S.K.: 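Below is one structure. I have some questions about it.
Bear in mind the structure is a predicted one, so any value in this text is a computation, not a measurement. Lettering of chains follows the sequences in order, A, B, ..., and the numbering in each one begins at 1.
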Number of protein chains: 2
Amino acid sequence: MHNKYNNEAKVFVAVDCIIFGFDPNAEELKILLIKRNFEPEKGNWSLMGGFMEPGETLKEAANRVLNTLTGLENIFLEQLKTFSIVDRDPAERTISVAYFALINVVDFKDELYRDFSATWFKISEKPKLIFDHNDMVTLAMERLRFKASVEPIGFELLPAKFTMRQLQMLYEEIFEEKYDKRNFSKKVNSFGLLKRLDEKDKSSSKKGSFLYEFDMEKYKKRSNGFQIRHQIMN
Amino acid sequence: MHNKYNNEAKVFVAVDCIIFGFDPNAEELKILLIKRNFEPEKGNWSLMGGFMEPGETLKEAANRVLNTLTGLENIFLEQLKTFSIVDRDPAERTISVAYFALINVVDFKDELYRDFSATWFKISEKPKLIFDHNDMVTLAMERLRFKASVEPIGFELLPAKFTMRQLQMLYEEIFEEKYDKRNFSKKVNSFGLLKRLDEKDKSSSKKGSFLYEFDMEKYKKRSNGFQIRHQIMN
DNA sequence: AATTATAATTGTAAATAATACATTTATTTT
DNA sequence: AAAATAAATGTATTATTTACAATTATAATT
């Protein structure tokens, strides 16, 4: 093989996707896993992944992998970390770049991922995964918590219209903490990014609860978005 | 070439290090750059980097690269992001994993990095860098700010004994903001991680200013360290 | 010996943000 | 008409953040 860096070794580069979804009915945060259909570790639970191809970037590879599984485009997708323990994949030296993705479970069509034996698991009930995929999920949860504390990513996980209760449940799932509903709604309203509609969802109570929408316009206008709060200073 | 994933392509994997240092005398945050000594882009300013070798992880590669340049061991080192634009390196398809490192400038011996024409630059005065190294530095600055707002990493950048003024200057450099010195010392003391010594530094004033040490023991005991503050909730 | 110059040290009041906590309201079902 | 259900809402207390300036210790100068 001829190249300019000819003393150096090449390796395989894979991407793996940690796909989070929120089920607004069950009010549970979930993760999408597949049964791996090739060796090694065929038949075991795994993150959805694939190899980076010559003409694409890592993010393009992750998007392709995600689209293959879900049929969805324009998914929230962010690089997490590259994993490189030497024998993480027993077959060949392969490093893997983990991406984490947020989707709205409701957008889903079951047929699309039937082929992969894909299943949504409650985070607390996920099975053991192959290779270092467990570490990837742990790190992704941390990142999800961090992101949720700094940016309004909750809206990536909810349907376009949602109730205050669903929003609160989502944050309670993410942070594994309970909040007072008076203080919660006070706080989220203070950001000024919620539009209350004149529409009610009556599925869960006799009174019905107002539906809200995320105000994407306003969010974009605040171009610097939410600012990281300095804990040491200011 | 024979392997189990034989439809897949292999690529070169490099690491590049964004090395931050704080000069406690000039009271400036700096970055360490080298003049690249091989093609392509020979002679231009660059981050210190190298290829990942078959038997090592990315972090081991980054540590090796850092040690080659500085002679230092046990440096604060954290993976930042993997860069993968297809033609980022015009010679060969190469992805690069950026690491950011924090060192104490005072620990340095000039001879060790003379070979690389390494130079400390004030962040605001850094030259244009090769490939996508400018993006790496920009991202590293953001990460530095984030880390500094969540963990007491300032101490990685200071000498073992430092003055309150130096600590404040460091944070002012990182955040590009000025702080009130009464509020600053009140705040950092409230964390309970500073030990004031019975020693004074008289180099900058007639009165002299107390020297402080970071209380590593106490920090480790608070095993969960500093907690990320939830901006959305609580 | 007294004065001056320099940066270090220190405190308090006001404003803002976070928390704790329980009753009333709208609607459907019985 | 009454009962049942979850939704909607407000206030007082506490904690945190901010704004702001006078005093102190020492070395250098007169």
S.K.: Looking at A:Phe210, does the NZ or CZ of A:Lys200 lie under 6.0 angstrom from its six-membered ring centre and within 45 degrees of the ring axis?
M.R.: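 Judged by the rule (NZ or CZ under 6.0 Å from the ring centre, within 45° of its axis), A:Lys200 counts as positioned above A:Phe210.
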
S.K.: Once side-chain contact (heavy atoms from CB on, under 4.5 Å) is applied, do any residues pair with B:Asn104, and if so which ones, sequence neighbours excluded?
M.R.: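 Residues passing side-chain contact (heavy atoms from CB on, under 4.5 Å) with B:Asn104: B:Val106, B:Asp107, B:Pro159.
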
S.K.: For B:Lys178 and D:dC20, give me the distance from atom NZ to atom P, rounded to whole Å.
M.R.: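 Result: 18 Å.
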
S.K.: Would you call A:Glu172-A:Lys178 a salt bridge at under 4.0 Å N-O?
M.R.: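 Judged by the 4.0 Å cut-off on N to carboxylate O distance, A:Glu172 and A:Lys178 do form a salt bridge.
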
S.K.: Rounded to the Å, how far apart are B:Lys187 NZ and D:dA15 P?
M.R.: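 Distance, rounded to whole Å: 16 Å.
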
S.K.: Quick one: does A:Asn183 reach the base of C:dA20 with a side-chain donor-acceptor pair under 3.5 Å?
M.R.: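 By the distance-only test, yes, there is a pair.
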
S.K.: Between D:dT11 and A:Lys186, counting only base atoms on the nucleotide and side-chain atoms on the residue, is there a donor-acceptor pair under 3.5 Å?
M.R.: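 Flag set: donor-acceptor pair detected.
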
S.K.: Whole-Å distance between D:dA19 P and B:Phe184 CZ?
M.R.: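 Computing the B:Phe184:CZ to D:dA19:P distance gives 16 Å.
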
S.K.: Using a cut-off of less than 4.0 Å, is there contact between a side-chain N or O of B:Arg165 and OP1 or OP2 of C:dA8?
M.R.: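 So the side-chain polar atoms of B:Arg165 do come within 4.0 Å of the phosphate oxygens OP1 or OP2 of C:dA8, strictly under.
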
S.K.: Would you kindly give the NZ-to-C1' distance between A:Lys181 and D:dA6, to the nearest whole Å?
M.R.: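 In whole Å, D:dA6 C1' and A:Lys181 NZ are 7 Å from each other.
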
S.K.: Kindly write out the residues that satisfy side-chain contact (heavy atoms from CB on, under 4.5 Å) with B:Ala98, not counting sequence neighbours, or none if the list is empty.
M.R.: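 With neighbours one apart ignored, the set is B:Ile18, B:Leu80, B:Phe83, B:Met136.
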
S.K.: Between A:Glu78 and A:Lys59, is there a side-chain N and carboxylate O pair less than 4.0 Å apart?
M.R.: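 Looking at A:Lys59 together with A:Glu78, the answer is no, because their closest N to O distance does not fall below 4.0 Å.
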
S.K.: Please identify which of these residues, B:Ser204, B:Ser203, B:Ser205, meets the side chain to side chain donor-acceptor pair (under 3.5 Å) condition with B:Asp201.
M.R.: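 The passing option is B:Ser203.
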
S.K.: Nearest whole angstrom, please: distance from the C1' of D:dA7 to the CE of A:Met169.
M.R.: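 These atoms are roughly 12 Å apart.
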
S.K.: Is the distance between the ring centroids of B:Phe162 and B:Phe155 under 6.0 Å?
M.R.: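 Yes: the rings meet the under 6.0 Å criterion.
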
S.K.: What is the separation between atom OH on B:Tyr179 and atom P on D:dT16, rounded to the nearest whole Å?
M.R.: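 Going from OH in B:Tyr179 over to P in D:dT16 covers 20 Å.
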
S.K.: Return the value, rounded to whole Å, for the distance between atom CG of B:Asn189 and atom P of D:dT16.
M.R.: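 So the two atoms are 16 Å apart, to the nearest Å.
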
S.K.: Atom CD of A:Gln166 to atom P of D:dA7: distance rounded to whole Å?
M.R.: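 It is 10 Å, rounded to the nearest whole Å.
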
S.K.: Short of 4.0 Å, heavy atom to strand atom, which residues of residues 199-213 of chain B count as contacting DNA chain C?
M.R.: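 Contacting residues: B:Ser204, B:Ser205, B:Lys206, B:Lys207, B:Gly208, B:Ser209, B:Phe210.
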
